[in-house]
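Read the structure below first, then the notes.
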Amino acid sequence: MPEQSNDYRVVVFGAGGVGKSSLVLRFVKGTFRDTYIPTVEDTYRQVISCDKSVCTLQITDTTGSHQFPAMQRLSISKGHAFILVYSITSKQSLEELKPIYQQVLAIKGNVEAIPIMLVGNKSDETQREVDTKDGEAQANQWKCAFMETSAKTNHNVTELFQELLNLDKKRNMSLNIDGKRSGKQSRAERLKGKCSVM
Amino acid sequence: MSSSIVRRLSIPECILLVTQRITKYPVLIQRILQHTKESDPDHGCVCDALRCVKQLITAVDSKVNEQEKKQRLREVYSRTDSKSIMRMKSGQMFAKEDLIRGRKMLHDGALQLKNSAGRLKDVQAMLLSDVLVFLQEKDQKYVFASLDQRSTVISLQNLIVREVANEERGLFLITAGTDSPEMVQVLASSKEERNTWRAIIQDAMHCMEKDEDEGVPSETEEDRRQQENRAKEIRELLRRKDEQILSLLEEKVHIFRELSDWSPAPDDPNPPVRERMLFMATPDDVTKGEPIIKDALREVENLQGYVSSSVGVPAGLEGGGSVGPVCLPRRAETFGGFDSHQMNSSKNGEKEEGDESLDLRRTESDSVLKKVLHSVTHLHELLIALQAVVLQQDSFIEDQRQTLSDRLAATSRHSSSSSLSSSSSSRPSSLIEQEKHRSLERQRQEAATLQKQQAAHQEEKRRREKVWELKERSLAEREERLRLEEEQTKERRRHLAEEGELLHRKKEEFHSSGSLDLDSKEAAEQPKVVEVSSSAPSREPFLRIGSKRMGKSFNPFSSTSSSKPQGAEKESQLPSKLLQLAKTKEKKDKRKKKGKGEQTQTEWTGVLVPEAPGEGSGEDFPYKLPSGRHEADSDELCVRSRVNQAVKQDTRA
């Protein structure tokens with residue numbers, strides 16, 4: 001489908017409560033909630049520039065899908081880039097990412113061409129269970145990028161997404177839409193309008 | 001266009017949204033459940049909802065999985081070289097088309113095959129419903145992997161899956177072929193992967209076996225149904241033939257009768273009856289043969305009768321008649337057992353008999369030859385009827401036998417399906433059996449160890465319980481002892497309190513009256529002492545101390561010492577023993593506390609306040625009271641005993 005090229009799908013994986021939604025919300029809306037609300041929202045969108053044009057960064061939150069492997073595989077197969085989130089306060093949450101990584105590997109085959117980011121969230125927390133170097137070691141083993149973030153303090157959140165987009169060598173993407181923002185926005189609107197007409 | 005639901009999403013996005021959304025429901029409902037009290041009537045509903053939604057998603061998931069596998073299989077199929085072909089162990093050829101022919105893909109992934117030289121070959125493995133296929137990529141196309149001379153399309157039918165002992169990623173696939181078993185070693189990328197493959201292959205094998213046990217019967221069921229239908233058709237055909245024969249025979253009978261009835265008096269009522277009789281000899285009332293035979297016999301008897309009355313009878317007919325009775329009774333015996341329709345049929349017979357006798361009476365006047373002829377015709381009819389019946393019986397019996405054998409076969413198949421399935425499915429029993437034995441043995445061992453562990457646990461538990469019991473008992477004992485001690489101490493305390501009370505009272509008394517206080521044991525002396533002490537009010541503070549601290553034994557002294565100079569006239573009133581006691585006491589105390597008597601009082605009083613500092617005058621003593629109380633109490637006890645001693649001495653004196 002032609003408009004598929006306008007979509008760049010990022011799939012966010014992670015155990016419950018590690019802050020997947022918080023990260024995404026912080027990135028998309030710039031807000032943070034201290035209370036835990038299980039995710040119902042399925043996708044978030046952000047307009048980005050891609051190969052000198054505009055496309056939609058579509059972020060898919062996968063809460064609850066781990067119980068249904070086939071559907072999880074479906075999300076993986078539809079995804080372009082992956083964010084694997086764990087909480088630095090829980091070693092278990094890092095462990096739970098391993099089968100997911102294996103799955104991504106199995107479905108995507110060669111992971112080196114796929115942008116994958118291992119993210120240690122809640123870096124503002126003091127009760128750390130996973131050291132930064134542990135996360136780095138895991139990322140090295142998985143041949144993926146690594147970052148520690150805090151959705152609460154907005155540390156490294158935007159960087160995370162920018163870095164993720166940079167990882168994709170096939171496309172030249174940027175969070176910052178070059179040119180005038182307003183013009184960009186209108187272009188995006190026009191583009192989106194075109195999509196919906198179709 | 002800007003609906004809140006679609007939010008300008010394109011169709012693929014919407015689809016993705018739907019697939020994503022559905023997985024969120026359990027999370028949400030779980031959350032609701034957490035906030036619903038168990039007593040709430042909604043609790044059950046929420047539980048149900050959670051269960052239902054999970055069921056639903058599981059169903060969707062399995063469908064998605066199915067679709068995914070189907071797609072994958074299609075993809076592999078489209079990429080497979082159509083010229084590639086592989087001979088299976090069974091000799092069957094497996095080509096590209098066979099990949100999708102009635103097969104489903106259950107699992108696929110990359111594996112490595114180890115050839116006889118020990119070299120590893122990367123292959124794409126696919127587990128289909130009943131075969132395991134290894135493909136290798138060649139010029140962007142898949143071809144069946146080559147592995148020495150071995151087949152890389154392995155039927156699950158005779159497969160044994162074994163872990164390789166010294167290679168944790170390895171798996172042996174042993175094809176227990178009929179002639180020579182074949183073994184393929186494959187390597188997975190990891191131990192987990194290996195285990196997944198093994199589990200899935202074994203599952204598939206189980207599924208297949210189940211299909212064989214159930215599904216194949218379902219196939220054979222269809223087969224059997226078809227067979228049954230075919231049998232029914234054949235039976236129908238047979239019956240039709242029987243009917244045809246019957247009608248032919250009947251025609252024949254008619255012709256025969258016509259022939260015989262060239263002579264006058266053709267009996268009208270008979271033919272319909274006989275026809276009916278023949279018509280009615282359907283497989284339902286198979287016992288029709290008996291009355292026919294009876295009739296035939298009777299006819300033969302008649303014939304014999306006529307013959308014996310020396311009337312010429314055509315030899316051929318007579319011979320035909322005599323053959324009947326010879327061979328027929330056997331049949332009659334066989335059918336005699338099951339005649340339930342005898343009533344009906346015997347009625348027919350009776351009628352015939354009646355007709356016969358009528359005939360006979362009527363033909364009495366005619367020539368005997370005519371009778372004989374008639375009888376022979378009748379006999380012939382009967383015999384033909386019998387033939388028809390026998391024919392029908394035959395087909396019926398055949399029928400029965402077939403159903404019986406069918407049923408037998410069915411039951412034997414059922415009973416053998418478990419035990420003989422290996423042999424019936426042409427499985428080489430030895431290897432499979434061995435494998436089964438081995439796994440059985442392993443399970444047994446596991447069970448045994450489990451039991452052992454259980455026993456050990458039980459033992460441990462018992463031991464622990466015993467120890468606990470012991471501990472508990474000792475604790476209880478200790479508690480009991482403690483309680484007793486407590487009681488004792490309470491008792492003692494009470495005692496002490498009583499005594500303290502007593503002393504206090506005495507002191508009070510003394511205080512109020514300004515006289516000496518005496519023990520209750522010395523109640524006899526008390527009045528006098530009181531008298532004496534009342535005469536010395538000036539010494540009161542000091543005396544009070546004395547009474548408190550050193551016991552009453554000193555009181556008499558102090559009182560005497562203080563009262564002596566004042567009232568000598570009372571001295572005579574004082575009992576001599578009291579004086580004596582006081583003196584002994586004084587000596588003892590003097591010995592004990594020498595050098596303390598620097599008080600302004602007499603040396604006795606100085607003795608009375610050993611703890612008091614040197615400057616201690618009478619007025620100082622009250623301060624000492626609280627601290628010295630305890631000592632006083634104990635002292636009091638010993639003093640009292642001393643007093644008692646003294647009293648005894650005194651009385652002796």
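For the numbers below, each heavy atom of this structure counts, side chains included, while hydrogens, waters and symmetry mates do not. Just so you know, these numbers come straight off a predicted model, no measurement behind them.
In the displayed structure, B:R79 atom CZ is contacted under 6.0 Å by more than 12 heavy atoms of other residues, nucleotides or ligands. Counting heavy-atom neighbours within 6.0 Å of B:Q55 CD, excluding the residue itself, gives a total above 12. With a 6.0 Å radius and a threshold of 12 heavy atoms from other residues, nucleotides or ligands, B:Q34 has its CD atom above the threshold.
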>> What verdict does the side chain to side chain contact (heavy atoms under 4.5 Å, CB included) test give for A:M71 and B:I57, after you've listed the backbone C-alpha separation in whole Å, the side-chain angles of each residue and the deciding distance to 0.1 Å?
In response: CA-CA 9 Å; A:M71 296 174 81; B:I57 303 169; 3.9 Å; yes
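If you take CD on B:E193 and CD on A:Q102, they are separated by 8.0 Å, rounding to the nearest 0.5 Å. Atom CD in B:E68 sits 6.5 Å away from atom CD1 in A:I107 (nearest 0.5 Å).
B:K63 does not touch chain A: none of its heavy atoms, backbone or side chain, sits under 4.5 Å away.
Contact record, A:P69 with B:D61: CD-OD2, 3.5 Å, taken as the closest heavy-atom pair.
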